[in-house]
Each structure stands twice: as structure tokens, then as C-alpha cells.
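Working notes for the structure below.
Throughout, numbering of the chain's residues begins at 1 and tracks the sequence. Treat the numbers as computed from the prediction; the structure is a model and nothing was measured. Reckoned from all heavy atoms, side chains included, excluding hydrogens, waters and symmetry mates.
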Amino acid sequence: MKTVFVDTGAWIGITVARDQTHTAAAAYAKVLAEGNVSLLTTNYVLAEAFTRIRYDEGHSKALTFDALIREMIRRRQLSLGWITPSLHGHAMELFRRYSDHEFSVVDCASFVVARRRKVREVFGFDHDFVAMGFVLRPS
């Protein structure tokens, strides 16, 4: 089964109707759901998404997002890659190495997890993934 990494921008686009990426994110999420694709994200990505949703849309919307994530995990549609101290260390190595890019620590942790799980495709809108050799969708 194909696995796609889901980045922060995709979660926000799916959840926040007024976000500029909402239409594209919702349409692509539907394509992935119909294609029976396995999804992967990290606890760092979810923390970033929860924070943005909470600040921009309120606590209630963040709880709705939480319910979506828990249901996707329960149904085994989504697996969560936890950033361990070791993975964080590898992410920090990338963060230090690529000072010429505006990668966040969350981005670097995502790169590490996706590569280790041999995932090539990313659902999101952050072109930093393309710079690291991933296929970014929707394109």
C-alpha cells in the first residue's frame, strides 16, 4: 500500500474552510481517501497544526481537528511517527547543515521520518519538501 506523508499545511487546509489552500486540500484529501492510501504524519506536525488551528480558529475547531485525527488513527488510515530524542538529533543535524534554506525544525524532523519510512510523496504546500527531493501534492 502506498504511503503519503501529511504536512502541517495540508492539515490546516483540510480543517480551516477560510484557508487559501482549503479547496485544493479538501479535494486532494478526497482523492487519497478514495485511493485507500496510508497516511503518515508526526507529533511535531500535529503540534504545529493544533497550535495554528487553535490560534486562528479557536479551541472548538482544534477539538474538532483532534477528533478527526483520533478517528483516522483508530481506523488505521493514519499512522503517527513520534519524534524520539534520536530522530530529533538527526533533524537538528539537517537543520544545522542546511543554513541556506529556511527549513524549520518541524520540516527537518518530517524529512527524517519520511525518508526512514521510504515515503516519497508529501501532501502539503511547503516547497521545502521539493528541495529535499520529495514529490509534493497537490501540484
### Query
Looking at R120, R137, E121, which hits side chain to side chain contact (heavy atoms under 4.5 Å, CB included) with V4?
E121
#### Entry: Residue among T8, L136, T21, I12 satisfying side chain to side chain contact (heavy atoms under 4.5 Å, CB included) with F125
T21
### Query
CZ of F134 to OG of S110: how many Å apart, nearest 0.5 Å?
8.5 Å
#### Entry: Spacing of F50 atom CZ and H59 atom NE2 [to the nearest 0.5 Å]
10.0 Å
### Message
Within the structure provided, determine whether V37 and T3 are in side-chain contact (heavy-atom separation under 4.5 Å).
### Response
no
### Task
Give the minimum heavy-atom separation between E48 and V106, together with the two atoms involved.
OE1-CG1, 3.5 Å
### Query
How about V45 and D7: do any of their side-chain heavy atoms sit closer than 4.5 Å?
yes
### Task
Kindly indicate whether the side chain of N36, heavy atoms from C-beta on, has any atom under 4.5 Å from the side chain of M1.
yes
### Message
Is there a side-chain contact (heavy atoms from CB on, under 4.5 Å) between T41 and L78? Walk through the geometry before answering.
### Response
CA-CA 7 Å; T41 199; L78 173 67; 3.9 Å; yes
### Message
Checking the side chain of N43 only, and the main-chain atoms of I83 only, is there a donor and an acceptor separated by less than 3.5 Å?
### Response
yes
### Message
Check for me whether the distance between the ring centres of F123 and F5 falls short of 6.0 Å.
### Response
no
### Query
Please, which pairs that meet salt bridge (Lys or Arg N to Asp or Glu O under 4.0 Å) have at least one residue in residues 71-81, sequence neighbours excluded?
E71-R74, E71-R75
### Message
If I take atom CG from residue L32 and atom OH from residue Y28, how far apart are they, to the nearest 0.5 angstrom?
### Response
4.5 Å
### Query
Taking D107 for the side chain and S104 for the main chain, is one N or O donor matched with an acceptor at less than 3.5 Å?
yes
### Summary
Of all heavy-atom pairs linking A25 and G13, the shortest is CB-C, 3.6 Å
### Message
Whether the T42 and W82 side chains hold a donor-acceptor pair (N or O, under 3.5 Å, no angle test) is what I'd like checked.
### Response
no
### Message
When you group the ILVMFWY residues by side-chain heavy-atom contacts below 4.5 Å and let the links chain together, are V135 and V113 in the same group?
### Response
no
Under 3.5 Å, sequence neighbours excluded: what are the donor-acceptor pairs made by side chains of residues 87-103?
residue	atom	partner	partner atom	Å
H88	ND1	Y44	OH	2.8
H90	NE2	R116	NH2	3.1

### ILVMFWY network linking L63 to F65, side-chain heavy atoms under 4.5 angstrom
no
#### Entry: Single-linkage hydrophobic cluster L68~L40, side-chain heavy atoms < 4.5 angstrom
yes
#### Entry: Carboxylate-amine/guanidinium contact E57 R52, below 4.0 Å
no
### Message
Tell me whether Q20 at atom CD has more than 12 heavy atoms from other residues, nucleotides or ligands lying less than 6.0 Å away.
### Response
no
### Query
Is there a side-chain contact between Q77 and L39 (heavy atoms, below 4.5 Å)?
no
### Task
Can you measure from CD1 (I14) to CG (D19) and round to the nearest 0.5 angstrom?
10.5 Å
